[in-house]
Trainee: 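Handing you this structure, nothing more for now.
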Amino acid sequence: MASWAEQLQLELAGCGLAVASIPRKGRGLVASRTFFPGEVIISQEPYVSTPNKSLVGSSCDHCFASRNLRKCSVCRVTWYCSSDCQKNEWKLHQHECRVMAALTEDRKKMLTPTIRLMVRLVLKRKLQNEKVIPSSGIDNYCLVDALESHILEVDENQLVLYAQMANLVNLILPSLELDLKEIAHTFSKFACNAHTICDPELRPLGTGLYPVISIINHRCCVPNAVLIFDGRTACVRALQPIGKDEEVSISYIETAAVTKKRQNDLKQYFFTCTCPRCVKDSKEDALLESYRCKNQACGGFLLPDSGEKAYTCQKCSISRDEEEVKKMTREILLLSDKASSFLSSGSILIYMELQGWQTALMYCRLTIPVYERVYPPFHPMIGLQFYTCGKLEWLLGCAEDALRSLTRAADILRITHGTNSQFMKELFGKLEEARAEVSFRLSSGHGHDEQIS
């Protein structure tokens, strides 16, 4: 009988992939054929997953949808959006349900997403061993066991926390004989291997453990693939052509951050990135740490000044003091929050907030050139920003501008998100609506949009 490692290689070979040893990195995923931009490299269901804030019913435990949620009538902890989702989870949840229903209300409050993830992992491992839940080459506990824990590099305070969390899991699952040291090590694996499950607009929904996708290594400098979620299904797509024998790479962190911030964010993964962007001073760092000059005629940026003046334009030397910059930052964040809330709710309060949306659109447009400097050409953040611009332009009656922005959004997001999700169908629908409106205006001689400055 083939070992789990041989089974994994066999299943990956069918996807045009192989696990290989990468110098200075350990394991990595390598292409055994060519992948083209937008092509799915690999997709995987989580070994285990859990939504954020499960006690308040933020999303379905199975598909992570946020509508039509109903709480499990027995444990009063899990939520489902449909009977189908509940049935799909039942083999695992019936055991989880039993142990959670036996908990006191105070102990239920201790069921953080990480604790629930561990409880589910322990139960799924047991059920797979008993053949109640099937296993496969890309869905078995051996893959979890092979993940790096970096336990020897974890500081003492964190080790104590992992031990306390392991004891809590032991209290939740009293009928099982648990190896508390192994549980503590697995918590350490969660810290550097679990993925934040996000919606199509990259807003966090929950946490999942994807052992095969965890093999993919990080790169700050133009990763050749991107990880996007459809519900809780993780899907890695090529951002550029990936040749045979080329390593597949994604970004674990926000790559638009300055080098110091990126390196700090990577500490939880216990390595230092040595990609070209990280080992030399980057022009993008100056851009990312700057603000636009307050002289509208100047195209310069304000950079931090070590002297008395907080920020000085690198082009015309006009300065802004620290308080002025902080006030501007607060105003931008407030407008951004208002725009996001409005666009997600679909409210018709635009008539009451017209000037606010014009300002929000102005800032949205200003961010795109920056995004295009610091992200690869086909990056979801650029596509999503064009999508936001397009929606604002459409709401403000700028159909031609909206058509241009939505077209750019679709060109990028069809590569990163594919074409079949509900999110993309909605984007294509808005694009067709804008195209029809522009065509109608041109055919009826209504002229062009008024420009929003």
Side-chain angles (χ1 to χ4, degrees), residues 4 26 46-56 61 72 75-78 89 91-130 132-133 135 139-197 204 206-215 232 252 267-271:
W4 67 267
Y47 186 76
V48 283
S49 65
T50 186
N52 293 336
K53 301 177 182 177
S54 59
L55 291 176
V56 295
D61 268 56
C72 173
C75 68
R76 310 293 295 171
V77 173
T78 57
E89 284 281 297
K91 284 185 179 179
L92 178 60
H93 180 62
Q94 63 177 314
H95 299 274
E96 179 193 36
C97 186
R98 194 177 301 122
V99 297
M100 292 195 300
L103 299 176
T104 64
E105 289 303 313
D106 284 343
R107 193 153 285 172
K108 282 182 181 179
K109 292 175 182 177
M110 303 170 86
L111 288 170
T112 63
T114 307
I115 295 295
R116 279 200 67 199
L117 200 68
M118 182 63 75
V119 169
R120 288 185 159 202
L121 182 141
V122 170
L123 291 172
K124 181 170 180 178
R125 178 188 185 183
K126 176 179 180 290
L127 293 169
Q128 282 190 326
N129 287 340
E130 295 170 351
V132 175
I133 292 178
S135 59
D139 183 39
N140 64 80
Y141 184 77
C142 292
L143 298 171
V144 178
D145 196 43
L147 294 174
E148 274 287 351
S149 69
H150 295 282
I151 197 72
L152 297 178
E153 300 166 75
V154 175
D155 67 54
E156 189 174 342
N157 290 335
Q158 195 65 40
L159 288 174
V160 171
L161 178 60
Y162 289 154
Q164 292 170 340
M165 294 165 71
N167 278 316
L168 179 55
V169 173
N170 194 41
L171 290 172
I172 294 168
L173 299 169
S175 64
L176 301 181
E177 292 185 13
L178 301 181
D179 182 336
L180 297 188
K181 184 178 179 180
E182 183 184 13
I183 297 293
H185 280 219
T186 307
F187 275 124
S188 188
K189 291 179 182 182
F190 284 177
C192 49
N193 288 284
H195 287 86
T196 299
I197 299 170
T207 305
L209 191 62
Y210 300 83
V212 179
I213 287 175
S214 291
I215 298 171
R232 66 177 191 175
Y252 295 175
K267 285 181 180 178
Q268 76 173 91
Y269 303 103
F270 300 95
F271 72 90

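Hydrogens, waters and symmetry mates are skipped; everything else that's a heavy atom, side chains included, is used.
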Trainee: Is there a side-chain contact between Asn170 and Ile183 (heavy atoms, below 4.5 Å)?
Mentor: no
Trainee: Within this structure, what is the CZ-OG1 distance for the pair Phe190 and Thr114, rounded to the nearest 0.5 Å?
Mentor: 8.0 Å
Trainee: Start with the C-alpha distance between Val77 and Arg116, add both sets of side-chain angles, then the distance that settles side chain to side chain contact (heavy atoms under 4.5 Å, CB included), and finish with yes or no.
Mentor: CA-CA 10 Å; Val77 173; Arg116 279 200 67 199; 4.3 Å; yes
Trainee: Hey, does Glu96 have a side-chain heavy atom less than 4.5 Å from the side chain of Thr78?
Mentor: yes
Trainee: Thinking salt bridges, do Arg125 and Asp145 make one under a 4.0 Å N-O criterion?
Mentor: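 Salt bridge absent between Arg125 and Asp145.
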Trainee: To the nearest 0.5 angstrom, please state how far the CG atom of Asp106 sits from the NZ atom of Lys108.
Mentor: 11.5 Å
Trainee: So Tyr47 and Tyr141, do their side chains get closer than 4.5 Å, heavy atoms only?
Mentor: yes
Trainee: Quick check: closest heavy atoms across Pro204 and Thr196, and the distance to 0.1 Å?
Mentor: CB-CG2, 3.7 Å
Trainee: Where is the tightest heavy-atom contact between Thr50 and Pro113, given as atom of each residue plus distance?
Mentor: CG2-O, 3.1 Å
Trainee: Measuring only between side-chain heavy atoms, which start at C-beta, is Arg120 closer than 4.5 Å to Glu89?
Mentor: yes
Trainee: If I take atom CE from residue Met118 and atom CG from residue Leu168, how far apart are they, to the nearest 0.5 angstrom?
Mentor: 11.0 Å
Trainee: Quick one: closest heavy-atom pair of Ser188 and Ile151, and the distance?
Mentor: CB-CD1, 3.8 Å
Trainee: What heavy-atom pair brings His195 and Asn193 nearest, and what distance separates the two atoms?
Mentor: ND1-O, 3.4 Å
Trainee: For Ser149 and His185, indicate whether the former's side chain and the latter's backbone hold a donor-acceptor pair under 3.5 Å.
Mentor: no
Trainee: Could you go step by step and tell me if Lys91 and Leu127 meet the side chain to side chain contact (heavy atoms under 4.5 Å, CB included) rule?
Mentor: CA-CA 8 Å; Lys91 284 185 179 179; Leu127 293 169; 5.6 Å; no
Trainee: Which residues satisfy the side chain to side chain contact (heavy atoms under 4.5 Å, CB included) test with Leu176, sequence neighbours excluded?
Mentor: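 Listed in chain order: Val122, Leu123, Lys126, Leu173, Leu178.
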Trainee: Under the side-chain hydrogen bond (donor to acceptor under 3.5 Å, both in side chains) definition, can you give me all pairs with a residue in residues 206-215, not counting sequence neighbours?
Mentor: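 Qualifying pairs: none.
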Trainee: Once you round to the nearest 0.5 Å, how far does CG of Leu103 lie from NZ of Lys109?
Mentor: 13.0 Å
Trainee: Taking the side chain as everything from C-beta on, heavy atoms only, tell me whether Leu171 gets closer than 4.5 Å to Arg107.
Mentor: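 They are in contact (side-chain heavy atoms under 4.5 Å apart), so the answer is yes.
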Trainee: Please report the shortest heavy-atom distance between Ala166 and Phe187, naming the atom on each side.
Mentor: N-CE1, 3.7 Å
Trainee: Return the minimal non-hydrogen interatomic distance between Ala184 and Ala163, and the atom names on each side.
Mentor: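 Residues Ala184 and Ala163, closest heavy atoms: CB-N, 4.4 Å.
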Trainee: Do side-chain atoms of Lys124 reach the backbone of Ile133 as a donor and acceptor pair under 3.5 angstrom?
Mentor: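 A pair under 3.5 Å: no.
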Trainee: Does the side chain to side chain contact (heavy atoms under 4.5 Å, CB included) test come out yes or no for Leu147 and Leu209, once each step is laid out?
Mentor: CA-CA 11 Å; Leu147 294 174; Leu209 191 62; 4.2 Å; yes
Trainee: Heavy-atom distance under 4.5 Å between the side chains of Asp61 and His93, does that happen here?
Mentor: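 Side-chain contact under 4.5 Å: no.
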Trainee: Tell me, yes or no, whether the heavy-atom count around Glu130 atom CD, taken from other residues, nucleotides or ligands under 6.0 Å, exceeds 12.
Mentor: yes
